[in-house]
A.B. asks: 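First, the structure itself, so that you have it in front of you.
These numbers come from the heavy atoms of this one structure, side chains and all, not from hydrogens, waters or symmetry mates. Just so it is clear: chains get the letters A, B, ... in the order the sequence lines come, proteins before strands, and each one is counted from 1.
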There are 2 protein chains.
Amino acid sequence: MVTIADVARHAGVSSSTVSYVLSGKRAISEETKRRVESSVRELGYHPNAGARALAARRSHIIALMVPLRTDVYVPVMMEIAVSVTMAARRHGYDVLLITNDEGPDGVRRIGASGLADGVILMDIELEDERIPVLQSQGTQAALIGLPDDPGGLSCVDHDFAAAGALCADHLADLGHREIAFIGYGSGVYTRHAGYAERTLSGFGQRAAQRGLRYVHRPCDGTYESTAGTLARILADRPETTGFVVQNEGAIGPLLTLLRTSGRTVPEDASVIALCQAQLAEQFAPRLTSVTGSAQDLGRVAVEQIMRRIAAAGRGERPQDEQVLLTPVLTVRDSTGPVSAS
Amino acid sequence: MVTIADVARHAGVSSSTVSYVLSGKRAISEETKRRVESSVRELGYHPNAGARALAARRSHIIALMVPLRTDVYVPVMMEIAVSVTMAARRHGYDVLLITNDEGPDGVRRIGASGLADGVILMDIELEDERIPVLQSQGTQAALIGLPDDPGGLSCVDHDFAAAGALCADHLADLGHREIAFIGYGSGVYTRHAGYAERTLSGFGQRAAQRGLRYVHRPCDGTYESTAGTLARILADRPETTGFVVQNEGAIGPLLTLLRTSGRTVPEDASVIALCQAQLAEQFAPRLTSVTGSAQDLGRVAVEQIMRRIAAAGRGERPQDEQVLLTPVLTVRDSTGPVSAS
DNA sequence: GACATCTGTTTAAGCGCTTCGACACTTCGA
DNA sequence: TCGAAGTGTCGAAGCGCTTAAACAGATGTC
C-alpha cells in the first residue's frame, strides 16, 4: 500500500507538504506542487480513507437513506440515488446506501460513528421519527420531501401543488368539466405522505378556481384495483372526460380499460399522468404528463448538504433552505379538447 | 462525541477491555462484559468508523457498482441494491454506492484508498475492463453476472440458459411450433452482455431439441420499435403463435399491439415474459413468466464477498465460487394450448 | 512449595493522515 | 538598516481505535 510518506520520500519533501498540495490549504510553490503531483501519479497514491477521516474528522461520505416501499415508483428512486451519487462525486464525496428499515437508529448509528458527514433522507413522512434524532445529534441532513415542520433542516421536493394545478389548468383549458383524479393507494394517504396530499390539494384548489367538478379515487395500481376504481368513477360520474393519474402502476391498466369500455383517448377521454417523461412516452398514445426532474432532486439535495457541511466545518450555523422544483407540463397525444357530442 | 475511553472510564476498565468486549476476540468475564455493555448502551457509544478502519485495516464497507444504463430493467437493479444493503448489514457491513461511469478507475480508487473491503460489480461484460484492475490490486470482489473468464473471482447470476430453456419447454408442451423471441435492443447484443446471449442460446438449443421453429428479434422496448418488430414477425412468419419477451419495456406495447391486430391472448397467441413476478401480474391478462430472484442475487453476492474478506483476513487464498440461480416458471393467464383452427 | 498453565485485564505502540506552530528566507516600508 | 509582514516548508502532536505483549492472580501439577 502506498502511503503519504512514500509520496513524500519520492518527491523529496515532507509528508505535510504532500498533504497541503493535495488539500490546497496552504500556499505551495509551483515547482514543489508539480513534483508532488507527479509522484502521486507515478506511485498511484490514493489517501487512506480511514486515516483521513480520523485526522480531519470528516469522512467525505454522505449517507442516503432509501425507502423499501414499492408503492413509490422505483425507477425514480434509482434515478435519485444515481444523481445523488454523481453529484456527490463532483464534490469529492462518496455515498453510503442505508435502507429505511434501520429507521431512527440507523440515523443515530451513522451520526455517532462519524461514518458519514451528512445524511440525505427520502420518503419523508409529515411527522418523521428520524428528524428529532438528526436535530439532537446535530447531524447535517437534507430531506428529499417536505416534513410537517422543516425548522432547522434543508429540504427539496417537487412542487406537487403546482403539478396538481398544472393538471387542472390544462384540462380546464381544453374544456373539460368533469375530472377524475386517480391517486395512490389509500395507504399512502393514511401515512400522510406529503407529496400525495399536496398534489391533490393543489389540483383541488385550481380545479375549484376553474370551475371543474372532480372526484378523487385512491388506487393501488394493480389491474384489478384500477378496474374497480374506473368502474366506480364511470358509474358515479358518467360525464367524466378528464383523468389525472398519479399512480404510475395504474396508467397501463387505465388505458386498456378505457379502450375496452369503448372510449378512445384523446377523443372521448383525456388522460394526463403525473410521471416521468420516459414512462409517459412508452404508452400508446404517448401521454401528456406533468413531470419534475428526479435528477435535480438528487443534485439539489447534495448541494444543500455540501453547503451545510462546509458551514458547520467553518463553525457557522448552516443555512436552512427549502427548495421546491417547478414541474413541467408536456403535452403529448393523450389529451385533447372535449368533443362536441 | 463518545469515545471508547469514555466508555472505559464509565465502566471502570481499560479501553482495550472495551474493545475486546465489543469484538469478542478475547475472553472477558461475564461480570465485566455486562458492565461494559451497559455503559455502551447508557452512553450511546458507536465506535468511530474512521479510527476503526485505520487501526483494524478493515472498513466494514463494501462497494456496490451499479450501471447507469436504462436498458436494464431498473426496479431489478434497485431490488438488488436493497438486498445487498440489507444482507451486508446482517454482517455488520455498510454499502457504498458507486456508479459505473467511474469505470476501472473507480475500482482502483476504492481499492487503493481502503474505502471498502470489497466490491460487488453489476452489469458485467464478457470482457470487463474492471476485472484486471481487481486482480492486480488484490481487491476482493463478487460479480453479479458472468464474465468470459471468471478465473480468480466469485460470481453469481441467474441461470439464463435454463430460463430460456424453460420458455421453450413450456411453449412446446402447449403445442406451439412457431415462436418469436423478442429480445433486448441490438446494443445489448453488440455489447456482448452475457445474460442476453445466454438466454437466447438456452432458448435456441431447447427449441431445436423440441422441434420448434423460431426467430429472434432485438427490440428497444419503445412502442414504436415494438410495433416495427411485431409487424415484421407477423409478415415473415404469420403462423407464429408463441412469443417470448425478454425486454420488459416491450411487454405492454406487445400486448396492446396483439390486441389491435385482432389476436386474443392466450387464445390466438401465447406470451411468456422473462421478468419479475410483480411486473408480470400488472398486465391483463396476467403474464406467464420465468423469473429469477433478484434478492437472492444480492444476498449470494454479499455472502460470497464476506467469505472472501474473511479468508483474506486469515491470510488464506479466498475460494472462487460460481453460482447460478435456478429460475422458476410461473404459469399465469397469457399462455395456453395452441387453438385448433 | 516451586513451577507451569490458564484466565482476565492492562499497557503501549502504531495505523496514515491533518494541522498547528515553528522556522528560514524573502520582501517591504519607514 | 531594521523590524514587520509574507511565503514556503517542516516537525510533531494527535485523531480513536486495535492488538501484540506484558502482567497479575487463580488454579493445577508434581
A.B. asks: Starting from P on D/dG14, measure out to CD1 on A/I4 and report it in whole angstrom.
C.D. replies: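 So the two atoms are 19 Å apart, to the nearest Å.
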A.B. asks: Among D/dC17, C/dG8, D/dT18, which nucleotide sits nearest the side chain of B/Y45?
C.D. replies: D/dC17
A.B. asks: Among D/dG8, D/dC17, D/dC10, find the nucleotide with the atom closest to the side chain of B/A55.
C.D. replies: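 For B/A55, the side-chain atoms sit closest to D/dC17.
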A.B. asks: Any salt bridge between A/E37 and A/K33, counting N to O under 4.0 Å?
C.D. replies: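 Salt bridge flag = no for A/K33 with A/E37.
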A.B. asks: Nearest-Å distance, CZ (A/R58) to P (D/dG14)?
C.D. replies: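 In whole Å, D/dG14 P lies 22 Å from A/R58 CZ.
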A.B. asks: Mind calculating the distance between CZ (A/R34) and P (D/dG8) to the nearest angstrom?
C.D. replies: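 Between P of D/dG8 and CZ of A/R34: 13 Å.
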A.B. asks: Both B/A56 and B/E31 contact DNA chain C. Taking the nearest nucleotide for each, which residue is further toward the 5' end?
C.D. replies: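 Checking each residue's closest nucleotide, the 5'-ward one belongs to B/E31.
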A.B. asks: What I want to check is whether an N or O donor and acceptor connect the side chain of A/R26 with the base of D/dT9 at under 3.5 Å.
C.D. replies: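 Result: at least one qualifying N/O pair found.
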A.B. asks: Does C/dG14 have OP1 or OP2 under 4.0 Å away from a side-chain N or O of B/R57?
C.D. replies: no
A.B. asks: Any chance you could lay out the side chain to side chain donor-acceptor pair (under 3.5 Å) test for A/Q295 and A/S293, step after step, and finish with the verdict?
C.D. replies: CA-CA 5 Å; A/Q295 276 181 34; A/S293 160; 5.4 Å; no
A.B. asks: For B/K25 and for B/G50, find the nucleotide of DNA chain D with the closest heavy atom, then tell me which residue's nucleotide is more 5'.
C.D. replies: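 Per heavy-atom nearest nucleotide, the more 5' residue is B/G50.
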A.B. asks: Would you classify A/T32 as touching base, sugar-phosphate or nothing, given that sugar-phosphate means primed atoms plus P, OP1 and OP2, and contacts are heavy atoms under 4.0 Å?
C.D. replies: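 Result for A/T32 = sugar-phosphate.
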A.B. asks: On DNA chain D, compare the nucleotides closest to B/L54 and B/S16; which residue's is nearer the 5' end?
C.D. replies: B/L54
A.B. asks: Over how many whole Å does the gap from A/L43 atom CG to C/dG16 atom C1' extend?
C.D. replies: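 Rounded to the whole Å, the gap is 15 Å.
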A.B. asks: So, are A/R307 and A/E321 salt-bridged, with charged N and O less than 4.0 Å apart?
C.D. replies: yes
A.B. asks: Does a donor on one side chain sit under 3.5 Å from an acceptor on the other, for B/S16 and B/S19?
C.D. replies: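 Not at all, the side chains of B/S16 and B/S19 share no donor-acceptor pair under 3.5 Å.
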A.B. asks: Between C/dG16 atom P and B/R52 atom CZ, what is the distance in whole Å?
C.D. replies: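 B/R52 atom CZ is separated from C/dG16 atom P by 18 Å.
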A.B. asks: Name the closest nucleotide to the A/A51 side chain, picking from C/dG8, C/dG16, D/dG11.
C.D. replies: C/dG16
A.B. asks: Return all side-chain donor-acceptor pairs below 3.5 angstrom for residues 103-115 of chain A, not counting sequence neighbours, or 'none' if the list is empty.
C.D. replies:
| residue | atom | partner | partner atom | Å |
| --- | --- | --- | --- | --- |
| A/D105 | OD1 | A/R108 | NH2 | 3.1 |
| A/R109 | NE | A/E102 | OE1 | 3.2 |
| A/R109 | NH1 | B/D94 | OD2 | 2.8 |
| A/R109 | NH2 | A/E102 | OE1 | 3.4 |
| A/R109 | NH2 | A/E102 | OE2 | 3.1 |
| A/R109 | NH2 | B/D94 | OD1 | 2.8 |
| A/R109 | NH2 | B/D94 | OD2 | 3.4 |
| A/S113 | OG | A/R109 | O | 2.9 |
| A/S113 | OG | A/I110 | O | 3.4 |
| A/S113 | OG | A/L115 | N | 3.2 |

A.B. asks: Taking only N and O in the side chain of B/T17, is any of them less than 4.0 Å away from OP1 or OP2 of C/dT10?
C.D. replies: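 For C/dT10, OP1 or OP2 has a side-chain N or O of B/T17 closer than 4.0 Å.
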A.B. asks: Side chain of B/S19 only, please: which of D/dG16, D/dT19, D/dG11 is the nearest?
C.D. replies: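 Per side-chain heavy atoms of B/S19, the pick is D/dT19.
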A.B. asks: Which is more 5' along DNA chain C, the nucleotide nearest B/S15 or the one nearest B/E30? Just name the residue.
C.D. replies: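 Nearest-nucleotide comparison on DNA chain C picks B/E30.
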A.B. asks: Can we say A/D320 and A/R308 salt-bridge, meaning some charged N sits less than 4.0 Å from an Asp/Glu carboxylate O?
C.D. replies: yes
A.B. asks: Could you tell me how far apart B/D6 (CG) and D/dC17 (C1') are, to the nearest whole angstrom?
C.D. replies: 13 Å
A.B. asks: Quick one: which of C/dT10, D/dT9, D/dC10 gets closest to the side chain of A/S29?
C.D. replies: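 Minimum distance to the A/S29 side chain belongs to D/dT9.
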A.B. asks: Under 3.5 Å, is there any donor-acceptor pair linking the side chain of A/Y20 to the base of C/dC20?
C.D. replies: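 Result: at least one qualifying N/O pair found.
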A.B. asks: Starting at NE2 of A/H60 and ending at C1' of C/dC17, how long is that distance when rounded to a whole Å?
C.D. replies: 11 Å
A.B. asks: I need the CG-P distance between B/L22 and D/dT19, as an integer number of Å.
C.D. replies: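 In whole Å, D/dT19 P and B/L22 CG are 12 Å from each other.
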